[in-house]
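Remember, it's a predicted structure, so these values are computed and weren't measured experimentally. Naming: A, B, ... by sequence-line order, numbering from 1 per chain.
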Protein chains: 2
Amino acid sequence: MAVTIAEVAAAAGVSTSTVSRCFATPELVRGDTRLKVLGVAASLGYTPNRIARSLAVGRSRSIALIVPDIANLFFGRIVKSAQSRARTKDYAVFLADTDERAREEYDLAVAMGKQVDGLLLVSPRMSEEQLHDIAERTPTVLVNRPLAGRSCVLVPSTEGMWQAVQHLYALGHRHCAHIAGARGSWSSERRSLAVREACEEFGMTLTEFGPYEPFFSSGVRAADPLIASGATAVVAHNDIVALGVVSRLNERRVSVPGDISVVGADDTLLARAASPPLTSVRIPLEEVGRRSADLLLDLLAPGEVPPPVEEVRVETELIVRRSTGPVRQEPGTRTS
Amino acid sequence: MAVTIAEVAAAAGVSTSTVSRCFATPELVRGDTRLKVLGVAASLGYTPNRIARSLAVGRSRSIALIVPDIANLFFGRIVKSAQSRARTKDYAVFLADTDERAREEYDLAVAMGKQVDGLLLVSPRMSEEQLHDIAERTPTVLVNRPLAGRSCVLVPSTEGMWQAVQHLYALGHRHCAHIAGARGSWSSERRSLAVREACEEFGMTLTEFGPYEPFFSSGVRAADPLIASGATAVVAHNDIVALGVVSRLNERRVSVPGDISVVGADDTLLARAASPPLTSVRIPLEEVGRRSADLLLDLLAPGEVPPPVEEVRVETELIVRRSTGPVRQEPGTRTS
DNA sequence: TTGAAAGCGCTACCAT
DNA sequence: ATGGTAGCGCTTTCAA
C-alpha cells in the first residue's frame with residue numbers, strides 16, 4: 001500500500017489538514033512547517049492519491065478525447081497536440097476511438113462524460129440534440145462541428161479549398177471533379193461547399209462524387225467514375241482519398257499530373273511522402289489540438305464564472321506540389 | 001449532482017449494501033429484490049460512480065498506454081486496437097505520448113502508474129533498471145522491448161527482414177544498404193541484425209547507415225550517402241524513412257525501382273499509398289495491440305495468482321510491391 | 001438474503 | 001497558522 005497523508009502527518013507531527021494544505025494551498029502554511037512536511041513527505045515517498053482527491057473534490061482533473069479514428073493521421077495529430085497540452089496543465093487524458101461508427105458516439109460520450117471533468121469531441125457525427133444533451137451534462141468542446149451556444153474549434157477550410165480551385169484554374173483546367181467526404185461530417189459539407197462556390201466563381205465545370213468514407217479504398221473506388229466524367233482535375237476530400245485516386249489512376253495508366261491533376265487536403269505526411277508529392281490544403285492540426293484543449297481547460301478553470309462560448313477558426317492554405325500540373329489535352333480526348 | 005446509491009436504496013426500500021450488490025455481485029441478491037432495485041435505479045438514472053468505487057476497491061479499472069508518438073501510424077494502429085480491446089473489457093484507457101523523448105518516459109510512467117491498474121509501455125527507450133522499477137510498482141506489459149521476467153509482446157521482424165533480403169537477392173541485387181532505426185530501440189536492433197544475417201547468408205555486400213529517428217526527413221537525409229555507397233537496393237527501418245529516401249532519390253533523378261530498389265517496413269498505409277507502392281514488411285499491428293492489451297488485463301484479473309510472464313511474438317512477412325525491381329545496371333556505373 | 005457500519009485517502013469547513 | 005472532523009460514494013466485513 002502506498003504512503004497516506006495520515007502517515008506523513010504522524011511522522012511530521014502535524015495534522016492531516018496541514019499536510020493536505022502543503023500540497024493544495026502551500027501559501028496557507030507557514031514556511032518552516034511546509035518545508036518540514038514536504039521533507040518528510042519526500043523521504044517517505046508520499047504522493048497524493050488522485051482518486052481519493054477526486055472523490056473529495058468532486059473533480060478528477062482528467063478529460064476524455066473522443067475521435068473517429070486514431071489511426072487516421074488527421075486525428076492522430078490533433079490527439080497528439082491536445083493530449084500534450086492537457087498534460088502540461090496536469091490533466092490526464094482518456095482516449096476513446098469510435099472507429100468511425102457514429103452510432104456508438106453518443107453512448108460512449110455519455111459514459112466517459114461521467115468519469116471526467118470535460119469532453120473533447122473531435123468531428124462528432126451524432127445529432128445536434130445528442131450533442132446538446134452531452135454538453136449539458138459535461139463541459140464539452142467540439143472540434144469540426146459547430147453547435148449553437150457551445151465552444152468549438154472549426155476548420156472550414158474555405159480559404160484553402162478556394163485556393164485549390166484557383167490553382168487548378170490557373171493551370172488551365174476547366175472541368176474539375178470533387179470527391180466528397182463522409183456523410184454527416186460538417187467539414188465534408190464545408191469543403192464541398194467551398195469547392196462548389198469556387199468553381200462557380202471561376203466558371204469551371206464541376207462534377208461531384210460522394211460521399212465517401214475517409215479510406216484509401218474510397219479513393220480507389222472513386223477513380224473510375226472520375227475518369228469517365230472527363231474531368232482533368234480533382235479535389236479530394238482528404239489526402240488518403242486523393243492517394244487512393246492516384247493509385248487507381250496509375251493502374252489505369254492515367255498520368256498524374258500529366259492527364260489529371262490531383263489535390264488532397266489536410267496535408268498530412270501522406271501528401272509529402274507521396275510520389276509525386278501531393279498538392280494539398282494545409283490544416284494547422286497541431287493548433288487545432290492545442291486550442292481545443294485550451295478552450296476546454298478554460299471551461300474547467302474554477303475562476304471562470306460565465307463559461308465563455310467561443311468559436312475558434314483556424315486558417316488554411318494550399319501547399320502546391322507536383323501532383324498538379326497544366327492541362328495537357330482537351331477534355332474527352334483521353335483514350336483510357 | 002448525480003444520483004447516489006443512497007437515493008436508490010431509499011427509493012427501493014433497501015439498504016445501500018443491497019444496491020451495491022445488485023451491481024457488483026447480482027447473484028448474491030434474491031431475484032425479485034434485484035429486479036426491483038435495478039428498476040428503481042434505472043428510473044432514477046443511477047449509474048455507479050467509478051471514482052468512488054475505485055477508492056473503495058483500491059483499483060480504478062483503467063490502464064495507461066505510453067507511446068513515443070501517436071501521430072506515427074505504427075503506434076497509432078497499436079493504440080487503436082489496444083484501446084478498443086481494453087474498452088470491451090470495461091477498462092478506461094489513458095493515453096500519454098512521450099514525443100520520442102526517452103528522458104521523460106520514466107517520470108511519465110511512474111506518474112501514470114499511480115493512477116491506473118496497469119501500464120502498457122510501447123517501444124520504451126528507458127533503461128532496464130528503470131523498466132524493472134516501474135514494473136515492480138505497477139503491473140506492466142512491454143511492447144517491442146524484452147525484459148527478463150516481464151510480460152512482453154515482441155516483433156523481432158526477423159522473418160520479414162530475411163524475406164526482404166531474399167527478395168532483393170533474387171532480383172539480382174548484390175549490394176544492399178540498410179538504414180537503421182533509432183538508437184536504443186530494440187526493434188531497430190533486431191531489424192538491423194536480421195538484415196545483417198540475411199545479407200551474410202546470401203553473400204551480399206551490406207552497407208549500414210544510421211541510426212536515424214523515424215522521420216521522413218531522416219530518409220531524405222540518408223538518401224545521398226546511400227547513392228554514394230553504390231548500393232542498388234536498400235532496406236529501410238520503416239516506411240516513413242523509406243519514403244523519405246524515395247523522395248530524395250526522385251529529386252536526384254535516381255529511379256525507383258529502376259536504379260535502386262527500396263523496401264520499407266511496418267506496411268503502414270504509407271506503403272500502399274505511395275507511388276510506386278512500397279514493398280514492405282508487414283507487421284500485424286492490430287494483433288500486437290490486441291494481444292498486449294489482453295496480456296495486461298490478464299495480469300490484472302483477480303483470479304490469477306502467479307502473474308504469468310509471457311513473451312508473445314508475432315509473425316511478419318514481406319509484401320512485395322512495385323518499389324522493388326531487378327537490377328538494371330552494374331553497381332558503380334550510375335552517373336548520379 | 002439483507003442490513004449496519006467501518007473504512008478507502010483526501011478535502012474543506014469550522015474552531016481555536 | 002493549525003487541528004478536528006464530517007463527509008465524497010461505494011464496498012465489504014460481520015451480524016442478524
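With contacts defined as side-chain heavy-atom distances shorter than 4.5 Å, the pair L300(A)/Y91(A) qualifies. Under the 4.5 Å side-chain criterion, counting only non-hydrogen atoms from C-beta, R145(B) is in contact with E128(B). A heavy-atom distance below 4.5 Å is found between the side chains of R313(A) and P156(A).
Between the CG atom of L28(A) and the C1' atom of dC13(C) there is a distance of 13 Å, given to the nearest Å. Atom CZ of R53(B) and atom P of dC8(C) are 19 Å apart (whole Å). The distance from atom CG of N49(A) to atom P of dT11(C) is 9 Å, rounded to the nearest whole Å. Rounded to a whole Å, the CD atom of E27(A) is 10 Å from the P atom of dA1(D). The distance from atom CZ of R34(B) to atom C1' of dT2(C) is 14 Å, rounded to the nearest whole Å. Taking atom CZ of R21(B) as the reference point, atom P of dT2(C) lies 8 Å away to the nearest angstrom. Atom CZ in R59(B) sits about 12 Å away from atom C1' in dT11(D), given to the nearest Å. Summarising the geometry, the separation between CD1 on I51(B) and C1' on dC10(C) is reported as 13 Å, rounded to the nearest angstrom.
The residue Y46(A) sits close only to the backbone: its heavy atoms come under 4.0 Å of sugar-phosphate atoms, none of a base. Heavy atoms of V19(A) sit nowhere under 4.0 angstrom from any nucleic acid atom.
Salt-bridge check for R34(A) with D32(A): failed, with every basic side-chain N at 4.0 Å or more from each acidic carboxylate O.
Remark on DNA chain D: of its neighbouring residues G31(A) and I5(B), the 5'-side contact belongs to G31(A), judged by nearest-heavy-atom nucleotide. Comparing T16(A) and V57(A) by the nucleotide of DNA chain D whose heavy atom lies nearest to each, the residue mapping closer to the 5' end is T16(A).
Phosphate proximity of dT11(C) to S20(A): present, with a side-chain N or O under 4.0 Å from OP1 or OP2. Between T4(A) and the phosphate of dG9(C), there is no side-chain N or O to OP1/OP2 separation shorter than 4.0 Å. Look at R30(A) and you'll find a side-chain N or O under 4.0 angstrom from OP1 or OP2 of dT2(D). Listed pair T18(B) / dG3(C) meets the phosphate criterion, a side-chain N or O lying under 4.0 Å from OP1 or OP2.
Checking T140(B) against T138(B) by side-chain atom types alone, no donor-acceptor pair falls below 3.5 Å.
Under 3.5 Å, the side chain of T33(A) and the base of dA1(D) form no donor-acceptor pair of N or O atoms. With hydrogens and angles ignored, a donor-acceptor pair closer than 3.5 Å exists between the side chain of S17(A) and the base of dG4(D). One cannot find a donor-acceptor pair under 3.5 Å joining the base of dG9(D) and the side-chain atoms of R50(B).
Taking only side-chain atoms of L55(B), from C-beta outward, the nucleotide of dC10(C), dC8(C), dT2(D) with the closest atom is dC8(C). Which of dG7(C), dT12(D), dC13(C) sits closest to the side chain of A56(B) comes down to dG7(C).
No donor-acceptor distance shorter than 3.5 angstrom exists from the side chain of E100(A) to the backbone of P68(A), with no hydrogens or angles considered.
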